[in-house]
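By convention in this document, chain letters (A, B, ...) are assigned in the order of the sequence lines, proteins followed by strands, and residues within each chain are numbered from 1.
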Amino acid sequence: MLDIRLFREHPEMVKAGFQKMGTDPGLVDRVRHLDERIRTLKLEAETRKATLNAESKAMGRSLSPEERETRRAALRALGDEISTLDAQRAELEKELQDILWIVPNLPDERVPVGQGEESNVVVRSFGEPRTFEFAPRPHWEVGERLGILDIERGIKISGSRFYVLRGAGAALQRALITFMLDLHITQHGYTEVYPPFLVKEQCLWGTGQLPKFADNQYHDAEEDYWLVPTAEVPVTNLHRDEILDATQLPLHYVAYTPCFRREKMSAGRDVRGIKRGHQFDKVELVKLCTPETSDAELETLTHNAEAVCRALELPYRVVLVCTGEKGDFNAIQYDIEVYAPASKGEEGGEWLEVSSCSNFRDFQARRANIRYRPAPGAKPEFVHTLNGSGLALPRVMIAILENYQNPDGSVTIPSVLRPYMHNQTVITA
RNA sequence: GGAGAGAUGGCUGAGUGGUCGAAAGCGGCUGCCUGCUAAGCAGUUGUAGUCCGAUUAAGGGCUACCCCGGGUUCGAAUCCCGGUCUCUCCGCCA
């Protein structure tokens, strides 16, 4: 959520930001008009309330009974007037709030402006896509041949976009999760968090999934629980409605959770293999910090996520995502993409997004009401929030199965994972 | 699932229709005292919005907030209705 004061004081700046994000700049004028009307109505009501309160108080003292009766009628009329004004205001406030909930964040100046992928900027890369002396197989073939990935049975028991890992496949994923957690905890100084996977609706408003992306969320109507679409939701909301002490910041959290997404928007896309499922695992990095440090925190967060790719020796690149492709609510977003040489089957390889590292500045903090006190006694300010995957499991699995495959169909286990897999070095059928 | 209790300021805890934004204590802050610390004494101490003030001061006025949302009333922390959450006991259960 943007500060309403930005609309009042810097409308042109907000319009320019909306323009870049493909949002109707006319909304700015609409917001300003609503805001002004609301303020006027509020002032009018408050003036009347002041009178009503004073008169009511006087009534408690003066005891002349018949005068009471006449005054009562007058005050009742005044009360009705106030109710009318308040009702009008409530209606406009709702309209205003509905707009503020969905309006995008203002993009950082560094974010390239553009519609699609071609406007993204590769800021750095690591490793070279491997050259194969044989035709690399896509991961679903590699996995099925080794008996570690069972897509057919996933579909049987749960439907499309579900799969089963077995044996070394399940072990490999578990090893990755533990390895990533250990790396971020011991090397990068994050605190491990194990949050609930079911949350209240309010949490999804706090981080921005609601109301705009309600379509993508799983929801248990009976108990009114929502399945987390990412650990970002429960972990960022840990400090909802809190005022943190400046000395507590920055907070660096790492959490492993499954993620649940309905993927209605991408119906029919990426249905092959395990690239996009309704349920997937993820290790997520979340930071809360002061405004002064959030830019630097994004850089380290991104590097921390990249460190996983480096350790696994997977070729990757870091992309500064353009206005048209980035999330609406962050100010700036880096994607980390690993190369999967056979992920598109006959068509060859592709860069797979394994992490989006974003700085939301105070946008989520304002929604979730997460503040901090810059100094003892000072007024609370909103914190800045950041997050990024470190990393998403299925796509890392894809990259490993495809990059580490051998001509005989076996898959070499990346050396950093071997201690987590009883020193196994290769997965064979 | 059954039965009951409760939700008040940073904390503990009074308050059952008017002068209650809210007693008291604790904590915090300021001053005095003290070689320092503690103790003691005095004062002070919620948040947000808005208006006045010199456009971002001191200061002052007003409005809202005693879990949330409605209602009754001239007037609600207090009465009524709905909801949420917490706790206790019983049952069931990984």
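- With a cut-off of 3.5 Å on both pairing distances, B:rA77 has no Watson-Crick or G-U wobble partner at all.
- Using modelled atom types and a 3.5 Å distance limit, the side chains of A:Lys49 and A:Asn53 yield no donor-acceptor pair.
- Comparing A:Glu46 and A:Pro380 by the nucleotide of RNA chain B that holds the closest heavy atom to each, the one mapping nearer the 5' end is A:Pro380.
- Comparing B:rU45 with B:rA24, their P atoms are spaced 12 Å from each other, to the whole Å.
- Here B:rG27 sits opposite B:rU45 as a Watson-Crick or G-U wobble pair (both hydrogen-bonding atom distances under 3.5 Å).
- The side chain of A:Ala50 lies closest to B:rC62 when the candidates are B:rC85, B:rC74, B:rC62.
- A:Gln333 and A:Asp335 get closest at one heavy-atom pair: NE2-OD1, 2.8 Å.
- In this structure, A:Tyr334 has no ring pair (Phe, Tyr, Trp, His ring centres under 6.0 Å) partners at least two apart in sequence or on a different chain.
- Using modelled atom types, one finds a donor on one side chain and an acceptor on the other under 3.5 Å when comparing A:Glu263 with A:Ser266.
- If you check B:rU55 for Watson-Crick or wobble pairing at under 3.5 angstrom, you find it has no partner at all.
- In this structure, the nucleotide among B:rU50, B:rC74, B:rG49 sitting nearest to the side chain of A:Met59 is B:rC74.
- In terms of heavy-atom proximity, A:Val111 sits nearest to A:Cys322 at CG1-C, 4.0 Å.
- With both ends at atom P, the span from B:rA76 to B:rU63 equals 12 Å, rounded to whole Å.
- Comparing A:Leu52 and A:Arg371 by the nucleotide of RNA chain B whose heavy atom lies nearest to each, the residue mapping closer to the 5' end is A:Arg371.
- The shortest heavy-atom contact between A:Arg161 and A:Asp270 is NH1-O, 3.5 Å.
- A gap of 38 Å separates the P atoms of B:rG59 and B:rG71, to the nearest Å.
- Nucleotides B:rG10 and B:rG6 place their P atoms 24 Å apart, quoted to the nearest Å.
- Distances were taken from every side-chain heavy atom of A:Asn53 (C-beta onward) to each of B:rG49, B:rU50, B:rU63; the shortest belongs to B:rU63.
- Across the strands present, B:rG40 finds its partner in B:rC32; the criterion is a Watson-Crick or G-U wobble pair with both atom distances under 3.5 angstrom.
- Across B:rC80 and B:rG17, the matching C1' atoms stand 13 Å from one another, rounded to whole Å.
- Contact record, A:Cys357 with A:Ala305: SG-CB, 4.2 Å, taken as the closest heavy-atom pair.
- Of all nucleotides present, only B:rG6 satisfies the Watson-Crick or G-U wobble test against B:rC85, with each distance under 3.5 Å.
- Under the Watson-Crick or G-U wobble criterion, with both distances below 3.5 Å, B:rC20 has no partner in any strand shown.
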Base versus backbone protein contacts along nucleotides 66-72 of chain B [heavy-atom cut-off under 4.0 Å; B, S, -] | -------
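- Checked against B:rU50, B:rC74, B:rG21, the side chain of A:Arg72 finds its nearest nucleotide in B:rC74.
- Taking every side-chain heavy atom of A:Ser56 into account, B:rC74 is the closest of B:rC74, B:rU63, B:rU50.
- Annotation: cation-pi geometry satisfied between A:Arg367 and A:Phe329 (NZ/CZ under 6.0 angstrom from ring centroid, within 45° of ring axis).
- Of all nucleotides listed (B:rU63, B:rG21, B:rG49), B:rG49 comes nearest to the side chain of A:Arg5.
- Partner assigned to B:rC93 is none, using Watson-Crick or G-U wobble distances below 3.5 angstrom.
- Nucleotides B:rC67 and B:rA7 are separated by 8 Å at their P atoms, to the nearest Å.
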